[in-house]
Amino acid sequence: LSKDGKMFGGMMNITTDMGPIPPNWSPYFQVTDCDSSLAKATELGGNVCMGPMEVENTGRMGAVADPQGAMFNIIQLK
């Protein structure tokens with residue numbers, strides 16, 4: 001998703017190979033250092049569920065559950 005050439009979000013289709021996943025939203029927060037941000041999230045009581053990992057042509061990202069279990073993603077764009 002973009003406006004005036006600036007990307008602000010994205011969507012993807014849920015495919016059968018993903019299993020029984022219901023429609024859902026997952027917020028992303030852009031960070032300057034993915035690895036440090038994941039470490040800080042852990043230090044503050046969060047749980048890193050995925051990453052850090054490289055996403056081709058995009059950057060570095062990870063997924064976190066906060067101490068109450070709410071999920072969010074962080075991304076360090078190239």
Side-chain angles (χ1 to χ4, degrees):
L1 305 172
S2 64
K3 180 174 174 134
D4 300 327
K6 183 171 176 130
M7 189 173 97
F8 63 87
M11 293 189 298
M12 61 188 265
N13 289 323
I14 296 173
T15 59
T16 56
D17 61 310
M18 294 177 179
I21 299 173
N24 63 83
W25 293 100
S26 187
Y28 280 75
F29 297 99
Q30 186 175 346
V31 298
T32 56
D33 185 326
C34 178
D35 295 58
S36 294
S37 296
L38 291 174
K40 186 67 171 181
T42 301
E43 178 186 321
L44 295 172
N47 181 39
V48 175
C49 304
M50 179 187 73
M53 63 182 258
E54 290 292 325
V55 178
E56 187 176 348
N57 299 319
T58 304
R60 194 159 174 80
M61 66 171 287
V64 179
D66 74 12
Q68 290 74 39
M71 298 287 298
F72 63 93
N73 301 283
I74 62 167
I75 190 160
Q76 175 185 341
L77 296 173
K78 285 187 174 190

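Numbering starts at 1 and runs along the sequence shown.
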Going by the rule side-chain contact (heavy atoms from CB on, under 4.5 Å), which residues pair with D66 if we only count those two or more places apart in sequence or in a different chain?
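side-chain contact (heavy atoms from CB on, under 4.5 Å) check on D66 returns Q68, A70, F72.
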List in chain and number order the residues that pass side-chain contact (heavy atoms from CB on, under 4.5 Å) with L44, two or more places apart in sequence or in another chain; answer none if no residue qualifies.
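side-chain contact (heavy atoms from CB on, under 4.5 Å) list for L44, sorted by chain: K40.
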Please report the closest heavy-atom contact between [X] and [Y], naming both atoms and the distance.
| X | Y | result |
| --- | --- | --- |
| V64 | A41 | CG1-CB, 3.9 Å |
| L1 | M11 | CD2-CE, 4.2 Å |
| N73 | M61 | OD1-CE, 4.2 Å |
| C34 | G62 | SG-N, 4.0 Å |
| V48 | L38 | CG2-O, 3.8 Å |

CG of D17: more than 12 outside heavy atoms within 6.0 angstrom?
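Above 12, so yes.
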For K78, does the NZ atom have more than 12 heavy-atom neighbours from other residues, nucleotides or ligands under 6.0 Å away?
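Enclosed.
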If you look only at pairs with a residue in residues 27-37, which of them pass as a salt bridge (Lys or Arg N to Asp or Glu O under 4.0 Å), with sequence neighbours excluded?
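Every pair satisfying salt bridge (Lys or Arg N to Asp or Glu O under 4.0 Å) with a residue in residues 27-37: D35-R60.
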V55, I74: one ILVMFWY side-chain cluster at the under-4.5 Å cut-off?
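They do not share one cluster, since no chain of ILVMFWY contacts under 4.5 Å joins V55 to I74.
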Output the distance between atom OG1 (T32) and atom CG (L77), rounded to the nearest 0.5 Å.
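Nearest 0.5 Å value for the OG1-CG distance: 11.0 Å.
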